[in-house]
Amino acid sequence: MASLVIVGESEDVSFTKPLGRLSVFYYGVGHMLNDITASCWFTYLLLFLTQIGLSPRDAAIVMLSGQVADGFATVFVGELIDRFGHFKIWHTAGSLLVAISFSSVFGGCLPCTILHSNSLTLETLSYSMFAAIFNIGWAATQVSHMAMVNYITLNSTSRVALTSSRNAFSMVANLALYAIALVVFGVSKADTKENTESQYRWIAYSCITVGCCFVVVFLMGTKEPRIPWAYWFRKILYYQVAMVYLLTRLVLNVSQAYLAFFVIDDLQMAQSAKALVSERRISVDHRTCLNQCFHFQIPAIIYICSFVVSVMLQEIPWNGKRLKAYYCAGGIIWMFCGVSVLFLPRSINSFMYAVSVFIGIANALILVTAISMQSVLVGSVLGGCAFVCGSLSFLDKMSCGIALYVLQSHKSGTSPEVVVNSTHSFDFSVTRYGLGLVPAVCSFIGVVVTYFMELDGTIVKPLCQPLLLE
């Protein structure tokens with residue numbers, strides 16, 4: 001029978017000691033491979049699959065297969081980690097699986113090449129298989145990395161600092177992806193299906209190389225914590241934290257998946273740039289260049305703002321009340337952003353730059369605090385951390401997969417045509433719902449649930465070294 005382990009007084013002293021900068025840094029970079037590949041997954045997968053000829057529904061099936069595999073894997077991995085321990089072994093195994101399989105997700109249809117077939121059904125099955133394999137490895141890395149926080153330290157502020165560091169490097173990973181993509185798209189053209197696959201393959205290879213370097217740093221710098229097992233379903237707070245985490249991930253993942261579509265297709269921001277130079281007709285290459293330019297600018301603003309806020313959050317002495325307050329603040333900001341996105345007309349599409357700043361701030365606030373609520377839930381009971389992380393990640397993956405499948409199934413197979421003189425300011429497209437309505441509703445529910453939470457209100461000492469130099 002599983003036992004519930006609580007740290008003793010002698011161990012509690014060492015475990016509650018604030019962490020130093022290097023410890024926080026080593027932990028923070030450990031999720032870079034997952035973050036950069038996940039950013040590529042949510043940003044480019046649907047775009048890539050539709051560009052090579054799959055229908056929006058088939059593309060959604062590929063993404064759903066990966067999300068479902070990830071969701072179930074998180075539960076099983078969490079249980080296995082709780083039973084057998086060895087965080088770093090699971091992290092290493094998951095990272096290897098991610099590195100090996102991710103290039104195949106964006107690398108063309110291997111079974112089609114072997115069987116000399118152009119069947120769209122076979123393509124869909126092939127991409128779905130590799131997507132599932134990739135997400136199983138991703139789940140092993142994610143659960144082991146998230147669960148380590150609660151075994152590394154009992155200091156609540158240090159736990160938030162670890163989470164903030166992880167989120168800060170997540171923003172670095174996102175920016176690195178866009179830098180890589182900008183270079184690849186700039187030096188090569190996607191004039192054929194083969195060239196399109198080659199572009200995304202190089203992006204995948206580059207992401208894997210960068211991510212693996214940081215995994216090595218994490219494995220060398222982080223100590224292996226101890227692992228017992230416990231059971232959490234009797235805690236009301238468990239369900240509240242699970243709901244908030246699920247809703248937070250829905251906000252981030254669904255909005256990220258539809259951001260590029262919204263900027264290019266709905267706001268037609270490349271069209272605005274064309275109007276400024278009074279060009280009534282532009283070449284396909286020029287239009288593609290403009291699309292990519294605005295495709296990169298808005299996400300870059302979001303990730304830079306999130307990075308800055310994530311670093312700043314590391315310096316705050318945290319308690320339960322502050323976690324609730326900062327989450328609610330982020331959720332309220334997202335509600336206003338969601339409404340702005342939903343009703344933003346093309347005639348003032350430059351307003352999206354301002355909205356993106358607030359989206360970046362809100363993303364950091366809700367993600368850091370939502371993940372930190374898991375640490376508050378665990379507290380000093382060092383049992384079943386991996387199960388908590390795994391079960392919450394299961395809900396996250398399943399809900400995101402289903403939400404994206406439903407939205408994508410109602411999306412037309414062709415993008416809106418770009419015209420110079422638009423006859424209407426905006427229309428309520430699936431893209432607007434995905435980037436505006438869904439995040440706004442999820443944020444509202446998350447704020448309501450958070451308001452009624454009962455979190456520990458004890459303030460603990462901050463980090464022994466500040467992470468921001470004065």
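Just so it is clear, the model here is predicted, and its values are computed rather than measured.
Although no hydrogens or angles enter the test, the distance criterion places no donor-acceptor pair under 3.5 Å between the side chain of T50 and the main chain of P56. The main-chain N or O of I302 is found under 3.5 Å from a side-chain atom of S306 such that the two form a donor-acceptor pair. Judged by distance alone, the side chain of Y27 and the main-chain N or O of H145 form a donor-acceptor pair under 3.5 Å. Of the possible donor and acceptor atoms, none in the side chain of K397 sits under 3.5 Å from a partner among the backbone N and O of V68. At least one donor-acceptor pair under 3.5 Å links the side chain of R432 to the backbone N or O of V341. Under the 3.5 Å distance criterion, the side-chain polar atoms of N174 are left unmatched by any main-chain donor or acceptor of S39. Although no hydrogens or angles enter the test, the distance criterion places a donor-acceptor pair under 3.5 Å between the side chain of S101 and the main chain of L97. The backbone N or O of T222 lies less than 3.5 Å from a partner atom in the side chain of K88, making a donor-acceptor pair. Side-chain atoms of W138 come within 3.5 Å of backbone atoms of N34 as a donor-acceptor pair (strictly under, hydrogens ignored). Of the possible donor and acceptor atoms, none in the side chain of D396 sits under 3.5 Å from a partner among the backbone N and O of L392.
The CZ atom of F76 sits 10.5 Å away from the CD1 atom of I136 when rounded to the nearest 0.5 Å. In this structure, CE in M63 is found 9.0 Å from CG in N135, a value given to the nearest 0.5 Å. The distance from atom CD1 of I301 to atom CG of L175, rounded to the nearest 0.5 Å, is 11.0 Å. Of the inter-residue distances, the one linking C442 atom SG with W334 atom CH2 reads 10.0 Å to the nearest 0.5 angstrom. The line from CD1 of I333 to OG of S443 is 10.0 Å long, rounded to the nearest 0.5 Å. Here the OG1-CZ distance, from T157 to R159, works out to 11.0 Å after rounding to the nearest 0.5 Å.
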Original post:
Step by step, would you call T74 with Q142 a side chain to side chain donor-acceptor pair (under 3.5 Å)?
Top reply: CA-CA 8 Å; T74 52; Q142 181 200 35; over 6 Å; no
**OP:** For the pair Q408 and Y258, evaluate side chain to side chain donor-acceptor pair (under 3.5 Å) and give the outcome as yes or no after the intermediate values.
**Re:** CA-CA 10 Å; Q408 195 69 7; Y258 285 101; 2.9 Å; yes
Subject >> Derivation of the side chain to side chain donor-acceptor pair (under 3.5 Å) call for R249 and Y245 >> reply: CA-CA 6 Å; R249 285 297 186 181; Y245 181 75; 3.2 Å; yes
Original post:
Taking it one step at a time, do T141 and M146 satisfy side chain to side chain contact (heavy atoms under 4.5 Å, CB included)?
Top reply: CA-CA 9 Å; T141 304; M146 289 178 64; over 6 Å; no
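The minimum heavy-atom distance linking C328 with T450 is given by the pair SG-CG2, 4.1 Å. Considering all non-hydrogen atoms of both residues, V311 and A168 come closest at CG2-CB, 4.1 Å. Closest non-hydrogen pair, I361 versus C305, comes out as N-CB, 4.2 Å. Considering all non-hydrogen atoms of both residues, I366 and G331 come closest at CG2-N, 3.5 Å. Heavy-atom minimum distance, V368 versus S164: CG1-OG, 3.4 Å. Taking each heavy atom of C40 and L177 in turn, the nearest pair found is N-CD2, 3.3 Å.
Counting heavy atoms from C-beta outward, V254 and L407 have side chains that approach closer than 4.5 Å. Considering only heavy atoms from C-beta on, N363 stays 4.5 Å or farther from Y303 through its side chain. No side-chain heavy atom of L323 sits under 4.5 Å from any side-chain heavy atom of M453. A 4.5 Å side-chain heavy-atom check between F42 and L404 finds at least one atom pair inside the cut-off. Within the 4.5 Å cutoff, the side chain of L313 has heavy atoms near those of the L365 side chain. Residues L435 and Q256 are not in side-chain contact: their nearest non-hydrogen atoms beyond the backbone lie 4.5 Å or more apart.
Proximity of the aromatic rings of F218 and H31 is defined here by a centroid distance below 6.0 angstrom, and this criterion is not met. Checked against the 6.0 Å centroid threshold, F307 and F169 do not count as a close aromatic pair. Two rings, from F358 and F336, have their centers 6.0 Å or more apart. A distance below 6.0 Å separates the ring centres of F134 and W41. For F48 and F106, the distance between ring centers is under 6.0 angstrom.
No more than 12 heavy atoms of other residues, nucleotides or ligands shown are found within 6.0 angstrom of CE on M243.
S104 and Y127 share no side-chain donor-acceptor pair at under 3.5 Å.
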